[in-house]
Amino acid sequence: MLWLLDVLITQVQWIILLGVGCSFGETYIQFIMARRVYYIWSGVAIDTSGSRKWTAQYFMPHGITADHQGTIWLTDVAMHQVFKIPPGQTVPKMTLGQKFQHGEDTNLFCKPSDVSVLLSGEFFVSDGYCYSRVLKFSKDGTFLMSFGKRNVQFGAVPPVVTFDIPHSITVSEEHHLVCVADRENNRIQCFDLDGNFKQVIKCPEFGPRLFALEYCPAHGGLLYAVNGPAFEICWKCGMYQM
């Protein structure tokens, strides 16, 4: 059971789970309830509306990632921004994108969905609900490259390197891969770290939509996928052996 500020989550009337991940063997969970963002890290809850308030004002936080240094990366699909928050701090060290301004330029996003970070500090952003692309940045936020575009061949098998909502992204450095949850195409697409297409993972168990990915190097490498039937609440999880 998961408890938040002495309130059992299953007793809360409405709640939207936004992100789950791990770093240094610790689990963190991000969710929104009554327009507040909560983080649970090592059993400590942080309420963005309370005394331990994040100074950044988030509107619709969507994806959360902790990198190997414990830095938190947060995307906000309403503000069209990506935030980098150092461990133990509340003020973002770096903000990418313009507040409430969307665009297809390399310095703008349109509803970015997720972030995945390499050991070098370089990072990928899945962007997202509008432009169906992945952008790669240097550790200081300098744009390096992008790949992907929206699939417009409705009713046909979608070509590779096209997305219909790249909803989640994860990296496997030992395999030199970055993999993307292509949500409405109910598949995973994997690329090398330079954006060159490598493979598609698609199976009937995924169902109509694929929401999230997370790579774990244990047991030779496992890629966890979270799927979801259209317009239903119940999700199933699957594992793919790398």
Side-chain angles (χ1 to χ4, degrees), residues 16-21 30-32 37 56-67 72-85 92 94-118 122-138 141-152 154 158-171 177-191 193 195 197 200 206 208-215 225-228 230 235:
I16 301 175
L17 180 67
L18 297 174
V20 180
Q30 175 213 18
F31 56 91
I32 186 169
V37 181
Q57 298 298 311
Y58 307 124
F59 194 87
M60 192 177 291
H62 185 277
I64 185 171
T65 299
D67 65 22
I72 295 292
W73 298 77
L74 179 70
T75 69
D76 191 308
V77 295
M79 297 172 71
H80 309 295
Q81 289 181 301
V82 175
F83 302 95
K84 178 183 180 181
I85 306 165
M94 180 169 63
T95 300
L96 298 180
Q98 299 297 316
K99 187 176 181 179
F100 296 121
Q101 180 180 346
H102 63 83
E104 201 170 0
D105 297 337
T106 58
N107 63 336
L108 295 173
F109 303 103
C110 188
K111 300 183 179 179
S113 56
D114 200 12
V115 178
S116 193
V117 186
L118 298 170
E122 295 177 338
F123 59 96
F124 295 90
V125 177
S126 50
D127 181 44
Y129 283 81
C130 306
Y131 298 125
S132 295
R133 60 180 180 171
V134 173
L135 297 92
K136 185 179 182 180
F137 296 88
S138 69
T142 301
F143 171 77
L144 298 177
M145 59 167 292
S146 67
F147 58 91
K149 61 182 180 180
R150 179 172 290 278
N151 170 40
V152 295
F154 298 104
V160 298
V161 204
T162 67
F163 303 109
D164 193 351
I165 306 183
H167 197 257
S168 181
I169 191 166
T170 190
V171 294
L177 291 176
V178 53
C179 295
V180 182
D182 189 1
R183 194 183 84 176
E184 299 302 312
N185 288 326
N186 59 296
R187 64 183 181 177
I188 300 168
Q189 294 194 67
C190 294
F191 307 82
L193 300 182
F197 173 77
V200 168
F206 287 168
R209 296 195 293 176
L210 191 69
F211 283 82
L213 292 176
E214 189 67 37
Y215 176 75
V226 181
N227 72 344
W235 292 358

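Not measured: the values here are computed from a predicted model.
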Is the shortest side-chain heavy-atom distance between [X] and [Y] below 4.5 Å?
X	Y	value
R187	P158	yes
L135	S146	yes
R183	F211	yes
Q81	Q98	no
Q101	L108	yes

I72 and I64: CA distance, side-chain angles, deciding distance, side-chain contact (heavy atoms from CB on, under 4.5 Å) verdict: CA-CA 7 Å; I72 295 292; I64 185 171; 4.0 Å; yes

With sequence neighbours excluded, residues passing side chain to side chain donor-acceptor pair (under 3.5 Å) with Y131: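 None.
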
Quick one: side chain to side chain contact (heavy atoms under 4.5 Å, CB included) partners of S168, sequence neighbours excluded? D114, A181, A212, L213

Do you know the tightest heavy-atom contact between [X] and [Y]?
X	Y	result
Y215	T170	N-OG1, 3.1 Å
K136	L118	CE-CD1, 4.3 Å
P208	G228	CG-O, 4.1 Å
F163	V180	CE2-CG1, 3.8 Å
P112	D76	CD-O, 4.0 Å
N151	P159	OD1-CD, 3.6 Å

For the residue pair H102 / Y129, report whether a side-chain donor-acceptor contact shorter than 3.5 Å exists. no

Under 3.5 Å: donor-acceptor pair, side chain of T75, backbone of S113: yes

Donor-acceptor contact below 3.5 Å, side chain Q189 vs main chain V161: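 Yes.
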
So which pairs with a foot in residues 143-152 pass salt bridge (Lys or Arg N to Asp or Glu O under 4.0 Å), sequence neighbours left out? R150-D164

Return the OG to CD distance between S116 and E214, rounded to the nearest 0.5 Å. 7.0 Å

How long is the span from the CG atom in D105 to the CZ atom in F143, to the nearest 0.5 Å?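 One finds 10.5 Å between CG of D105 and CZ of F143.
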
Give the ring-plane orientation class for F100 versus F59, where under 30° counts as parallel, over 60° as perpendicular and anything between as tilted. perpendicular

Result of checking D127, T162, V125 against R133 for side chain to side chain contact (heavy atoms under 4.5 Å, CB included): D127

